[in-house]
Amino acid sequence: MYNTNKSYFSKSLLHWYDSNKRDLPWRKTNDLYKIWLSEVMLQQTRVDTVVPYYLQWVEKYKSIRSVAKADYQKLLKLWEGLGYYSRCKNFHKACIITANDYDGEIPSDYLKFRALPGVGDYIAAAVFSIGLKQTYPAIDGNVKRVMARVLRIKNITKRNKKRIRNTLIKWMDPERPGDINQALMDLANRICRVDHAHCSICPIDEICMAEKMSIPESYPAKVKKKVTPHKEIVAGIIWQGEKFLITKRPENALLGGLWELPGGEIESSETPIGALRRQIKEECDIDINIGKKVGYVKHAYSHFKITQTLFQCQTQESVKSMNKEYRWITPIEVNNYPFPKSNHKLFNILNSDGWNV
DNA sequence: TAGCCGTGGAG
DNA sequence: TCTCCAAGGCT
């Protein structure tokens with residue numbers, strides 16, 4: 001059974017892959033650094049979103065050493081808009097460790113690579129299978145779904161993950177482990193989709209137990225999502241002459257290391273203006289004059305939503321105390337700092353309405 | 001271990 | 001407009 005399946009699985013999957021694979025930039029390279037980078041960027045992020053970020057990055061930073069030497073804020077500016085910013089931080093850290101401890105090359109020991117920050121089971125397996133042709137199954141959400149259907153697994157428990165891993169190790173063609181891994185992910189994306197499995201064109205339908213039951217979409221079982229809370233946020237564009245104030249978010253928080261217009265959450269007992277005045281007093285120990293409301297934007301993060309209202313403000317005082325880094329910048333200098341998407345939405349309003357009114 | 005961590009596209 | 005979710009990892 002296993003031997004029959006092993007032969008069918010790899011042969012059929014690779015045959016399909018060879019005639020259907022997408023032409024992606026990181027598939028043109030054998031550079032482990034670039035394969036690694038692409039896998040970090042692809043984490044929870046669609047291929048079409050990643051491609052332009054990947055191309056910009058490898059144009060500017062051509063090696064692990066060049067990333068290790070780079071100014072982190074410059075890396076973050078390249079990452080701006082891609083989301084999950086701790087990936088960028090961890091990749092930078094990992095490149096520094098690699099430059100210092102491994103002579104700038106990815107360690108040949110799998111466990112040493114796996115131990116680097118931001119490198120988990122999936123990324124380690126992807127890099128070692130694609131770049132070094134070692135037989136590690138790269139098990140991401142796609143592969144879990146396909147294998148849950150093939151093996152008719154309802155819940156992705158720890159035990160079932162082990163089952164999927166062991167099955168793949170048995171079935172993978174050791175000559176082409178990287179292609180097997182990529183083929184499974186491509187197949188998941190184009191054929192074995194979440195809400196619709198196109199079994200009639202699937203190359204491995206013959207060994208799929210869920211397909212035999214004619215209910216592939218019910219595998220694996222969906223997990224209920226929690227309702228996302230909503231927060232009211234206020235921000236100020238605080239002018240002093242031709243410049244306004246921006247502050248840097250703490251490294252280990254949401255949007256860590258990115259810059260933003262100062263402000264914060266409106267407490268239930270507060271008005272937006274009262275909240276803004278309090279936030280700025282607490283954060284900078286300065287008093288501000290709050291002028292007209294510029295507008296508001298809505299934005300959704302991974303686990304909550306916000307409505308962010310922006311006010312024009314003025315101050316004559318200089319910042320007396322601040323726990324964070326801050327700068328006074330002109331509108332043109334926005335291009336020099338990484339900002340979260342919600343702030344860019346506010347900047348877009350200012351771009352059409354005028355910045356300082 | 002389940003919650004935290006962004007953004008944009010699909011439907 | 002709203003929900004779901006996509007080449008995961010960390011704590």
Side-chain angles (χ1 to χ4, degrees), chain A residues 17 21-22 24-27 34-54 76 79-91 93-94 113-131 136-147 155-158 161 178-190 192-196 217 220 222-230 249-258 260 297-308 338-345:
Chain A
Y17 182 65
K21 77 171 162 187
R22 290 180 65 179
L24 303 174
W26 43 86
R27 285 182 177 164
K34 292 182 180 174
I35 296 170
W36 180 16
L37 171 68
S38 73
E39 295 297 343
V40 174
M41 287 186 163
L42 284 164
Q43 185 182 325
Q44 298 289 283
T45 310
R46 293 173 199 286
V47 168
D48 292 340
T49 304
V50 166
V51 169
Y53 283 90
Y54 169 84
L76 209 45
W79 204 276
E80 182 185 42
L82 196 54
Y84 285 140
Y85 299 96
S86 65
R87 293 181 293 173
C88 185
K89 185 184 67 184
N90 285 332
F91 187 62
K93 279 188 187 171
F113 181 57
R114 170 68 180 78
L116 292 172
V119 179
D121 289 332
Y122 167 76
I123 289 181
V127 170
F128 270 63
S129 63
I130 296 168
Y136 290 100
I139 304 171
D140 69 329
N142 287 313
V143 176
K144 282 179 198 153
R145 181 172 69 254
V146 173
M147 293 307 289
N155 299 305
I156 307 292
T157 60
K158 195 170 179 180
K161 279 187 218 167
D179 289 341
I180 294 279
N181 283 332
Q182 294 182 88
L184 271 177
M185 291 188 277
D186 280 7
L187 180 140
N189 177 255
R190 293 157 66 180
C192 199
R193 303 194 48 100
V194 175
D195 294 322
H196 186 16
E217 290 84 1
K222 301 198 182 202
V223 290
K224 294 190 193 90
K225 292 281 193 307
K226 277 179 43 179
V227 287
T228 56
H230 184 272
R249 296 181 58 85
E251 293 290 346
N252 292 316
L254 176 76
L255 308 165
L258 276 69
E260 65 181 357
V297 299
K298 291 179 177 295
H299 191 71
Y301 295 101
S302 39
H303 53 295
F304 65 94
K305 298 174 183 178
I306 64 167
T307 302
Q308 187 172 29
F339 288 94
K341 180 68 184 175
S342 65
N343 272 52
H344 277 294
K345 289 180 181 175

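Chain letters run A, B, ... following the sequence lines, proteins first, then strands; residues in each count from 1.
- Residue-level contact check: A/R27 touches the bases, meaning some heavy atom is under 4.0 Å from a base atom.
- Distance A/F304 CZ to B/dG3 P: 16 Å, rounded to the nearest Å.
- The separation of B/dG11 from C/dA7, taken at their P atoms, amounts to 14 Å, rounded to a whole angstrom.
- For A/I123, taking side-chain heavy atoms from C-beta onward, the closest of the listed nucleotides C/dG8, B/dG6, C/dC10 is C/dG8.
- The NZ atom of A/K161 sits 11.5 Å away from the CG atom of A/N155 when rounded to the nearest 0.5 Å.
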Tell me, with the steps shown, if A/Y122 and A/Q43 meet side chain to side chain donor-acceptor pair (under 3.5 Å). CA-CA 9 Å; A/Y122 167 76; A/Q43 185 182 325; over 6 Å; no

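- Donor-acceptor pairing under 3.5 Å, judged by distance alone, is absent between the side chain of A/R87 and the base of B/dC5.
- Across A/K305, A/K341, A/H344, a single residue satisfies side chain to side chain contact (heavy atoms under 4.5 Å, CB included) together with A/H299, and that is A/K341.
- Looking only at side-chain heavy atoms (C-beta outward), A/D179 and A/Q182 come within less than 4.5 Å of each other.
- In the interface, the side chain of A/T45 is paired with the base of B/dG6 through a donor and an acceptor atom under 3.5 Å apart.
- Nucleic acid contact for A/G81: sugar-phosphate only, since backbone atoms but no base atoms lie under 4.0 Å from a heavy atom of the residue.
- At a threshold of 4.0 angstrom between heavy atoms, the contacts of A/N252 with the nucleic acid are absent.
- As judged by a 4.0 angstrom heavy-atom cut-off over every strand, A/L24 is placed among the base-contacting residues.
- Two residues, A/K158 and A/Y301, neighbour DNA chain B, and the one matched to the more 5' nucleotide by heavy-atom proximity is A/K158.
- For A/Q44 and B/dG3, the CD to C1' distance is 14 Å, given to the nearest whole Å.
- Among the atoms of the strands shown, only primed sugar atoms or phosphate atoms (P, OP1, OP2) are found under 4.0 Å from some heavy atom of A/V119.
- A/L82 comes within contact range of at least one nucleobase, with a heavy-atom separation under 4.0 Å.
- Residue contacts shown for A/A300 include a base, since a base heavy atom lies under 4.0 Å away.
- Side-chain proximity of A/L255 to the nucleotides C/dC5, B/dG3, B/dT7 is greatest for B/dT7.
- Remark: the A/Y122 side chain and the C/dG8 base include no donor-acceptor N/O pair separated by less than 3.5 Å.
- Using a 4.0 Å heavy-atom distance criterion, A/K305 is classed as a sugar-phosphate-only contact.
- Following rounding to the nearest Å, A/L42 (CG) and C/dG9 (C1') show an atom-to-atom distance of 15 Å.
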